[in-house]
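Owing to the predicted nature of the structure, the values given are computational and were not obtained by experimental measurement. Values below: every heavy atom of this structure, side chains too, minus hydrogens, waters and symmetry copies.
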Amino acid sequence: MKAYIFPGQGAQFTGMGKNLYDNSPLAKELFEKADEQLGFSISKIMFEGNAEELKETKVTQPAVFLHSVILAQTLENFKPDMVAGHSLGEISALVANQTLTFEAGLNLVYRRALAMQKACEMNPSTMAAILGLDDKTVEKICAETDGIVVAANYNCPGQLVISGEIPAVEKACENLKAAGAKRALMLPVGGAFHSPLMKPA
């Protein structure tokens, strides 16, 4: 059985998709179609943009979506028995298994990204990965921290992502390290996704 899981925000990197563009006519066609559909050169930002440019939600989401979907479409023998995704990766998964068209998926991701970008601009926020603590301890420390910070993504036992206002996330990270977390790592994202701060979106 083959299962593919598609990533969400935080998986972006400078140069993403460039190798696909250079070596696959199908990939080149899809990147060019995306540039035209979005009305700006997302491919140029993906191939040449710096970390700050790629971290902007309105860029990150379509970039991760495009890299995921185009990679899946150019893989030999891509015949999954099941697909899944983290957050925006759910949309990538739906396109990869042909539930949604490429164009519909890109449109949905970009509209979602713009709505979430607005929410991010209303209140500077971020996320952090917490390793080596149980869920209850993380939840308790977040609840005791001033400001908005919540447990957002339960990735696996001992790995949880918190989300909220920047000062609250930073303070929670300090408190979580003091409580025994092996790591409290700020993520390269432009907002507090999967938190109450996304309500406007």
request  = Walk me through it: do Val138 and Leu176 pass the test side-chain contact (heavy atoms from CB on, under 4.5 Å)?
outcome  = CA-CA 7 Å; Val138 175; Leu176 290 160; 4.1 Å; yes

ask   = Do Leu106 and Leu26 sit in the same hydrophobic cluster, where Ile, Leu, Val, Met, Phe, Trp and Tyr count as joined when their side-chain heavy atoms come under 4.5 Å apart?
value = yes

message = Ignoring hydrogens and geometry beyond distance, is a side-chain donor-acceptor pair present between Thr99 and Asn97 at under 3.5 Å?
response = yes

request  = Give, for atom NE2 of His86 and atom CG of Asn155, the distance between the pair rounded to the nearest 0.5 Å.
outcome  = 6.0 Å

query = Closest approach of Ala51 and Thr14, non-hydrogen atoms and distance?
reply = N-OG1, 4.1 Å

task = With the side chain counted from C-beta on, respond yes when Phe193 and Cys120 share a heavy-atom pair under 4.5 Å apart, and no when they do not.
result = yes

Same apolar cluster (I L V M F W Y, side chains within < 4.5 Å links), Ile91/Phe102 = yes

inquiry  = Looking at every non-hydrogen atom in both residues, tell me the closest pair between Val169 and Ala128 and how far apart they are.
reply    = CG1-CB, 3.8 Å

ask   = Under 3.5 Å, side chain of Thr137 to main-chain N/O of Leu133, donor-acceptor pair present?
value = no

inquiry  = Side chains of Leu38 and Pro62, heavy atoms from C-beta outward: is any pair under 4.5 Å?
reply    = yes

task = For the pair Asp35 (side chain) and Ile42 (backbone), establish whether a donor and an acceptor sit closer than 3.5 Å, ignoring hydrogens and angles.
result = yes

inquiry  = Is it the case that atom CE in Met186 sees more than 12 heavy atoms from other parts of the structure closer than 6.0 Å?
reply    = yes

task = For Asn23 and Asn19, indicate whether the former's side chain and the latter's backbone hold a donor-acceptor pair under 3.5 Å.
result = yes

request  = State plainly whether one hydrophobic cluster holds both Ile70 and Phe65, where clusters connect Ile, Leu, Val, Met, Phe, Trp and Tyr through side-chain heavy atoms under 4.5 angstrom apart.
outcome  = yes

request  = With the side chain counted from C-beta on, respond yes when Cys173 and Ile162 share a heavy-atom pair under 4.5 Å apart, and no when they do not.
outcome  = yes

key: Mutual orientation of the aromatic rings belonging to Tyr110 and Phe40 [parallel < 30°, tilted 30-60°, perpendicular > 60°]   = tilted

key: Distance, nearest 0.5 Å, that separates OG of Ser92 from CD1 of Ile5   = 13.0 Å

request  = Take Val59 and Gln12 through the side-chain contact (heavy atoms from CB on, under 4.5 Å) test and state the conclusion after the steps.
outcome  = CA-CA 10 Å; Val59 171; Gln12 70 276 5; over 6 Å; no

inquiry  = Minimum heavy-atom separation for Met198 and Ala119, please, with both atom names.
reply    = CE-CB, 3.8 Å

message = Counting C-beta onward and ignoring hydrogens, is there a side-chain heavy-atom pair between Gln9 and Thr57 closer than 4.5 Å?
response = yes

task = Using modelled atom types only, decide if a donor and an acceptor are shared between the side chain of Ser68 and the backbone of Val64 within a distance under 3.5 Å.
result = yes

note = Nearest heavy-atom contact between Ala152 and Leu160 is N-CD2, 4.3 Å

query = Is it true that Met127 and Ile130 fall in one hydrophobic cluster, defined by side-chain heavy atoms closer than 4.5 Å?
reply = no

Donor-acceptor under 3.5 Å (Ser87 side chain, Gly89 main chain) = no

request  = Using modelled atom types only, decide if a donor and an acceptor are shared between the side chain of Glu174 and the backbone of Lys171 within a distance under 3.5 Å.
outcome  = no

query = Is Asp134 reaching over with its side chain to a backbone N or O of Lys136, donor-acceptor style, under 3.5 angstrom?
reply = yes

query = Under 4.5 Å between any side-chain heavy atoms of Thr60 and Val189, yes or no?
reply = no

message = Between Leu30 and Met46, is there shared hydrophobic-cluster membership here, with clusters defined by ILVMFWY side-chain heavy atoms closer than 4.5 Å?
response = yes

ask   = How about Glu90 and Val83: do any of their side-chain heavy atoms sit closer than 4.5 Å?
value = no

message = Please tell me whether Phe31 and Phe47 form a close aromatic pair, meaning their ring centres lie under 6.0 Å apart.
response = yes

message = Quick check for you: to the nearest 0.5 Å, what is the distance between Lys199 atom NZ and Met122 atom CE?
response = 12.0 Å

message = Around atom CG of Asp146, are there more than 12 heavy atoms from other residues, nucleotides or ligands closer than 6.0 Å?
response = no

request  = Give, for atom CD of Gln61 and atom CG of Leu114, the distance between the pair rounded to the nearest 0.5 Å.
outcome  = 9.0 Å

inquiry  = Return the CG to NZ distance between Leu131 and Lys177, rounded to the nearest 0.5 Å.
reply    = 11.0 Å

request  = Would you confirm whether Ser125, through its side chain, and Gly191, through its main-chain N or O, come within 3.5 Å as a donor-acceptor pair?
outcome  = no

query = Taking the side chain as C-beta and beyond, is there a heavy-atom pair between Glu165 and Thr126 under 4.5 Å?
reply = no

query = Mind checking whether Asp81 and Tyr4 have side chains closer than 4.5 Å, heavy atoms only?
reply = no

key: Atom pair OG1/NZ of Thr74 and Lys28 - distance to nearest 0.5 Å   = 15.0 Å

key: Which atom of Ala115 lies closest to which atom of Ala201, heavy atoms considered   = O-CB, 3.6 Å

task = Show your working on side-chain contact (heavy atoms from CB on, under 4.5 Å) between Asp135 and Tyr154 and close with a plain yes or no.
result = CA-CA 8 Å; Asp135 296 347; Tyr154 295 78; 3.4 Å; yes

message = I need the minimum non-hydrogen distance between Ile148 and Ala168, along with the two atoms involved.
response = O-CB, 3.5 Å

query = For the ring pair Tyr21 and His67, is the centre-to-centre distance below 6.0 Å?
reply = no

inquiry  = Quick check on Leu185: does its CG atom have over 12 non-hydrogen neighbours (other residues, nucleotides or ligands) under 6.0 Å away?
reply    = yes

ask   = Between Glu36 and Lys33, does at least one N-O distance fall below 4.0 Å, as a salt bridge requires?
value = no

ask   = Could Lys118 and Glu121 be called an ion pair, given the rule that one side-chain N must be under 4.0 Å from one carboxylate O?
value = no

